[in-house]
Amino acid sequence: LPAFNVIGLTRQYGEGAAAVHALQGIDLQIPASALVVLLGPSGSGKSTLLNIMGGLDHASSGECWFFDQALHQFSEKALSLYRRQNVGFVFQFYNLMPSLTARENVELVTEIADSPMAADEALALVGLDHRLDHFPAQLSGGEQQRVAIARAIAKNPTLLLCDEPTGALDSATGRTVLKVLQQVNQQLGTTVLIVTHAAATAEMADRVIHFADGKIREVIENPAPVPAE
Ligand code: ADP
Ligand code: ADP
């Protein structure tokens, strides 16, 4: 089974003349352990789809299967359990606790997860074994994002969902963060989905799904490298 099988998915915000049709009939499959980039301009529906796949939002119609689980039929409580057991989230902003060290930020998750890895192991995986006792303010933006990735993977999620993970970083730092996400995908076998409007992100993907106006315009397998800016 694929990790995701999405069938005729729509999401409408609001009603009548003011309605926004954020997703207008999405069909796609995501193989388990793939690294997939959802690429497209702002407002094209990428985050809406990611949020539905991550159990943070409901579709208006259609189906969203996670392996054999029908997420589109889940209650709020079932979605909450789904998120806790299966999903790590990474966002544009790192949302680290400023009063806690890198290790302590990751331990917030490992202390409550069902089968976590050690906080130090997660931080080593993102290349921060020399920053365990640093506070967020003592870390660069790229390092703070790597702590956020360590926090997301420390609960051993099946899925890592990343919404504009390099959006606040310069392009060189962004590339190091993308390499960390690629390494997580390859070393842990985590299915990684990355939402971005930055075309350069696509070169490391197994598959790039191009969005425009709430629809999939094109799907490209194993894209060719994009020249550095
Ligand atoms: P992208 O991630 O590609 O930038 P989004 O999924 O965030 O696109 O947004 C798709 C469309 O849905 C946009 O027109 C956006 O303004 C709208 N939208 C997203 N979230 C909401 C919401 N909570 N309420 C109303 N409209 C929304
Ligand atoms: P629980 O139900 O186990 O208390 P939550 O449902 O609050 O946990 O969150 C589960 C996961 O979803 C966490 O990783 C959390 O960071 C993420 N999450 C929940 N709500 C949001 C949101 N609005 N935006 C981003 N991430 C969220």
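All ligand and atom numbering here is 1-based and tracks the order in the structure.
- In Val20, the part holding a heavy atom less than 4.0 Å from any atom of ligand 1 is the side chain.
- Below 4.0 Å from some heavy atom of Pro41 lie the following atoms of ligand 1, by number and element: 3 (O).
- Protein heavy atoms are absent from the 4.0 Å sphere centred on atom 16 (O) of ligand 1.
- Scanning the protein heavy atoms around atom 1 (P) of ligand 1, the nearest turns out to be Gly43 N, 3.4 Å.
- Among protein heavy atoms, the minimum distance from atom 5 (P) of ligand 1 is reached at Thr48 OG1, 3.7 Å.
- A heavy-atom distance below 4.5 Å is found between the side chains of Ser171 and Arg175.
- In terms of protein heavy-atom proximity, atom 23 (N) of ligand 1 is nearest to Tyr13 CE2, 3.7 Å.
- When Ile209, Asp163, Ile194, Thr196 are each tested for a side-chain contact (heavy atoms from CB on, under 4.5 Å) with Leu38, only one passes: Ile209.
- Between Tyr82 and Phe66, the ring planes are perpendicular. Angles over 60° get that label, and only those under 30° would be called parallel.
- No side-chain heavy atom of Thr173 sits under 4.5 Å from any side-chain heavy atom of Ser140.
- Contact atoms of ligand 1 toward Ser44: 1 (P), 3 (O), 8 (O) (distance under 4.0 Å to a heavy atom of the residue).
- Counting protein heavy atoms only, atom 3 (O) of ligand 1 is closest to Lys46 NZ, 2.8 Å.
- Residue Ala22 places no N or O, backbone or side chain, under 3.5 Å from any N or O of ligand 1.
- A donor-acceptor pair under 3.5 Å is absent between the side-chain atoms of Arg146 and the main chain of Val177, judged by distance alone.
- You'll find the side chain of Leu39 stays beyond 4.5 Å of the side chain of Thr201, heavy atoms only.
- Around atom 7 (O) of ligand 1, the closest heavy atom drawn from Gly45, Gly214, Ser47 belongs to Ser47.
- Side-chain atoms of Ser60 and Thr10 include no donor-acceptor pair closer than 3.5 Å.
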